[in-house]
Number of protein chains: 2
Amino acid sequence: MALDRDHVLRAAAALLTRKSTATMDEVAKAAGISRATLHRQFAGRDALVRALEALGIAECETALAAARLDEDPAEGAVRRLVREVEPAAGLLAFLYTENQLFEGEEQHAGWARIDDRITALFRRGQQNGEFRIDLTPAWLTEALFGLLASGAWMVQSGKGAPKDFTRMIAELLLGGALRREES
Amino acid sequence: MALDRDHVLRAAAALLTRKSTATMDEVAKAAGISRATLHRQFAGRDALVRALEALGIAECETALAAARLDEDPAEGAVRRLVREVEPAAGLLAFLYTENQLFEGEEQHAGWARIDDRITALFRRGQQNGEFRIDLTPAWLTEALFGLLASGAWMVQSGKGAPKDFTRMIAELLLGGALRREES
DNA sequence: CTGCGATGAGACGTCAGTGTCTCATGTGGG
DNA sequence: CCCACATGAGACACTGACGTCTCATCGCAG
């Protein structure tokens, strides 16, 4: 049952990643169950999205843990983070846009925690001189999510290869477009 | 009448930028007209979105022209582009996500033209040695749009100041997070 | 003043998606 | 074998949004 639930969640994530407006009916079909059963597991569409949000947060935190953000140098930590979070990028992109619809309600506290940890990473990189200090850690964090979404969307639409995903994002985020002088 | 239409379009853009699921009724109210009149000007929600798409494309092309993409150096052209496109960023962010719903239908040809011109700019920068060549022009273009959307969303939600918008995006896109050695 | 055109208000009908319910089926454990 | 429980299929009512229509009103030009 818990296994069922997880399976359904994965299927829903995979589908909604591709088509964010998918119907409960479509979600059920994608998960290989009936709409009735889907409703038995998730009270409604809202509950389903919330559950997906929880899943996304959990995957993010797993990635954060695996990326060992505290180890020097910060640059390596960012690269590991991008690599680890890649499998969840599609889901995150979905949740990223979905979040903008949560008008009144405040967002899940989990996001704040994740945001804080990533922001802290960038701040640490600035303090030890690795990162430039004229871009705020908050912006760098936001940009990371934005680039993840762009990358996921690009792969999704076939305009980019999945194998380049990690490198493209990490390289752009860290190094930018300008060519470096050889040192 | 044509003036009316433009006014309605602007109001719709402003609203949908904030709340992408806004009702026709809400759009009408935001534009200060009745739903009936709104329907008289735009056959339906679909037609409205298409018109907004056309507006977005037009604003993009105006920005492209104003940015003088052909002038050296490419770096300056990118900075000008970001600056010029800023006023349209919110609308672009809306259309950017909306586009992902146009499942079957091919997208408006205007986007391809815009994409091509920006891609060409990055390619030129690579060829004259300004930009690194290990990031594809297509990815740089996609990343530019992604960062614009992130920036717009950040300003929108009050997490960033509008005045930093241009600099944040251009600096990150061009220079990345890593600190440069002083030359 | 008069008549035309545009508008606002609102009343429909329609439709898609949702959420609830019932009932038949079947499957596995006791 | 038999029962309990989960499931699938489908009917049903409800809702929100859409698109169309009518009609009264208002402003303005002739």
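Letters A, B, ... are given to chains in the order of the sequence lines, protein chains preceding strands, and every chain is numbered from 1.
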Whole angstrom is fine here: how far is it from [atom1] in [X] over to [atom2] in [N]?
| X | N | atom1 | atom2 | answer |
| --- | --- | --- | --- | --- |
| B:Gln41 | C:dG8 | CD | C1' | 13 Å |
| B:Leu48 | D:dG19 | CG | P | 10 Å |
| B:Asp25 | C:dG8 | CG | C1' | 12 Å |
| A:Leu38 | C:dT18 | CG | P | 10 Å |
| B:Asp46 | D:dC18 | CG | P | 12 Å |
| A:Met24 | C:dG17 | CE | P | 13 Å |
| B:Lys29 | C:dA9 | NZ | C1' | 11 Å |
| B:His39 | C:dG13 | NE2 | C1' | 14 Å |

**Asked** How is A:Arg45 classified with respect to the nucleic acid when contacts are heavy atoms under 4.0 Å: base, sugar-phosphate, or nothing?
**Response** sugar-phosphate
Assert: residue with more 5' nearest nucleotide on DNA chain C, out of A:Arg40 and A:Glu26, is A:Glu26
Mark yes or no for a side-chain to base donor-acceptor pair under 3.5 Å between B:Arg35 and D:dG19, with no hydrogen or angle criteria applied.
-> yes
Does a donor on one side chain and an acceptor on the other come within less than 3.5 Å for A:Thr97 and B:Thr97? no
Side-chain atoms of B:Ile33 come closest, of D:dC18, C:dG17, C:dG8, to C:dG8
Of the candidates D:dG19, C:dG10, C:dT18, the side chain of B:Ala36 sits closest to C:dG10
Atom pairs and distances, donor-acceptor, side-chain atoms in residues 79-90 of chain B, under 3.5 Å, two or more places apart:
residue: B:Arg79; atom: NE; partner: B:Glu75; partner atom: OE2; Å: 3.4
residue: B:Arg79; atom: NH1; partner: B:Glu171; partner atom: OE2; Å: 2.7
residue: B:Arg79; atom: NH2; partner: B:Glu75; partner atom: OE2; Å: 2.8
residue: B:Arg79; atom: NH2; partner: B:Glu171; partner atom: OE2; Å: 3.4
residue: B:Arg80; atom: NE; partner: B:Ala67; partner atom: O; Å: 2.6
residue: B:Arg80; atom: NH2; partner: B:Ala67; partner atom: O; Å: 3.3
residue: B:Arg80; atom: NH2; partner: B:Arg68; partner atom: O; Å: 3.0
residue: B:Glu86; atom: OE1; partner: B:Thr166; partner atom: OG1; Å: 3.1

State whether B:Glu142 and A:Lys159 are salt-bridged, where the test is any N-O pair (Lys NZ or Arg NE/NH1/NH2 against Asp/Glu carboxylate O) under 4.0 Å. yes
Point to revise | Sidechain N-carboxylate O distance under 4.0 Å for B:Arg124, B:Asp72 | key: yes
Examine D:dG8: is either OP1 or OP2 under 4.0 Å from a nitrogen or oxygen in the side chain of A:Thr37? Give yes or no. yes
(message) Looking at D:dT7, I'd like to know if its phosphate oxygens (OP1 or OP2) sit under 4.0 Å from a side-chain N or O belonging to A:Ser34.
(response) no
Between the CH2 atom in B:Trp139 and the CZ atom in A:Arg167, the distance rounded to the nearest 0.5 Å is 11.0 Å
